[in-house]
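Notes follow once the structure below has been shown.
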Amino acid sequence: MDSKWYNLIMKKINIGIIGLGTVGAGLVELIKKNGPEMRRRQGIDLRIIAACDLRAGQGKKVGLPKATVFSRDYRRVLADERVDTVIELIGGLQPAEEIIKRTLASGRNLVTANKKVLAEKARSLLRDAMNASGFFGYRAAITGYFPLIEFLNRSQLQSRVIEGAYGIFNGTCNYILTRMERERCSYRQALTAAQEEGYAELDPYLDVSGMDTAHKTVLLVNLLYGYQMDMKQLYVEGIQKIDYRDISFAAELDYRIKLLAIVRKAGSRCQVRVHPCLVSRRSQLGALDKVMNGLELEDARGQVGGFIGPGAGKFPAAYAVLDDVITMACGNRYSYPKRQAGLTISGINEVESNFYVRFMALDKPGVLAAISSVLAKRHISIASVIQKEEEPGKAVPIVMLTHLARERDMRAALDEIYRLKVIKSPPLMIRVFDELPSLRG
Ligand code: HSE
């Protein structure tokens, strides 16, 4: 082998890890297990010099190498002059933002898995990273298992405009929905199972409310168009209200329910939203089970593609962090998107789609007529109806699939229908998304 070239990628990297939660523990395990082989075969020598965690016993618990200096204060890691690469795994806004900024300003390398700080501060962090001499890696913050950042960086370099990006970005939600489908169990039972499997966070709010997907979506829009969305601009709905009955009604209609991130650009207007959708079981995203994440893409020429990989658990994010370190060790950097001039974001009210709606209604003559007359008044046309008796005397589910309707009209109609005496609980509405690129061709 040409020794000069070999020297280029032969690197000793002195790592400081801030935060030894699930991802940190996975990373320590990967470096300990794969490190010796990486050193021998690739010449990449990873050393965990320093680490910190608020929990005093955590260093021992994750099995830090003996030579690692452990403390409970991140400042000690930053102050350790031997550390050339800081890995920030604490999440949240502060002190994560300060850690990232200080590290970049000092010329050292920074790798982060922090979705929130990137979603909210991507523009300024990416600008800092552009001017920094060190490397800035954040693959673990966005569906780390597949090389999305590289793909989007290269698309920009080719002036290839991605006009549609549709993703399942939360492994925990996809696990819960799959589990409800297979076991015919409640949302609560499926969530408990996800927690027992070690997927859902202890406080699963970020996952199930759609906020984790929202953070990744805002970062995706940044990577696609250099546009920094405000979180308030994004319509976000989680999976907490989905019942296993909805999953089985959807199956009767040949659909599955998935939590989707939707980014669709037409000219300078871009629609961005995060909510559960009915998607065809024949689509690539519709076929994803358990913790799988996926992304379907379509460019301005109608060319389609995508990625698939596991999205939750100890190792996917740890591999993504390790991958950033390897990208850096091989002398590569990510590039940062140029802002597309004039881009504006459209709100949820402008969306037109087919809707799945479930009403819980008394089983009495005239109920269907009352519901359909409100829909007709708003020019919403019904494509199909399913009604099933469950327990005699109790409210029964009436499920409707509509033809194309405007979100604004649908919401107004549902408010009015809920006021009918025969309707026993707030109607549940799920948008149908039939435009996934994998369904074409
Ligand atoms: N909690 C996330 C998920 C993994 O369930 O997909 C980290 O983004």
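Because the structure is a prediction, the values reported are computed rather than measured. Remember, it's 1-based here, ligands and their atoms both numbered in the order they're listed. All heavy atoms count here, side chains included; hydrogens, waters and symmetry mates do not.
- A salt bridge links Lys388 and Glu252; the closest N-O separation between the charged side-chain nitrogens and carboxylate oxygens is under 4.0 Å.
- If you check each of Gly311, Pro316, Ala320 against atom 4 (C) of ligand 1, the one with the closest non-hydrogen atom is Gly311.
- For the residue pair Asp246 and Tyr356, a side-chain donor N or O sits within less than 3.5 Å of a side-chain acceptor on the partner.
- For ligand 1, none of its N or O atoms has an N or O atom of Tyr199 under 3.5 Å away.
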Begin with the C-alpha distance, continue with both residues' side-chain angles, and end with the deciding distance and a verdict on salt bridge (charged side-chain N to carboxylate O under 4.0 Å, His left out) for Lys216 and Asp212. CA-CA 6 Å; Lys216 292 165 180 164; Asp212 176 79; 2.6 Å; yes
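- Atom 5 (O) of ligand 1 has its closest protein heavy atom at Thr172 OG1, 2.5 Å.
- Ion pair Glu407/Arg431 flagged as a salt bridge, since at least one NZ, NE, NH1 or NH2 atom sits closer than 4.0 Å to an Asp/Glu carboxylate oxygen.
- When each atom of ligand 1 is checked for a heavy atom of Lys115 under 4.0 Å away, the hits are 7 (C), 8 (O).
- Scanning all protein heavy atoms for the shortest distance to atom 3 (C) of ligand 1 gives Asn170 ND2, 3.3 Å.
- For the pair Glu350 and Arg406, the salt-bridge criterion is not met [side-chain N within less than 4.0 Å of a carboxylate O].
- Crowding of Arg188 atom CZ: a count of heavy atoms from other residues, nucleotides or ligands under 6.0 Å not exceeding 12.
- Near Asp212, meaning under 4.0 Å from any of its heavy atoms, are these atoms of ligand 1: 2 (C), 8 (O).
- If you check each of Ile142, Asp207, Leu206 against atom 1 (N) of ligand 1, the one with the closest non-hydrogen atom is Asp207.
- Ranking protein heavy atoms by distance to atom 6 (O) of ligand 1, first place goes to Gly171 N, 2.7 Å.
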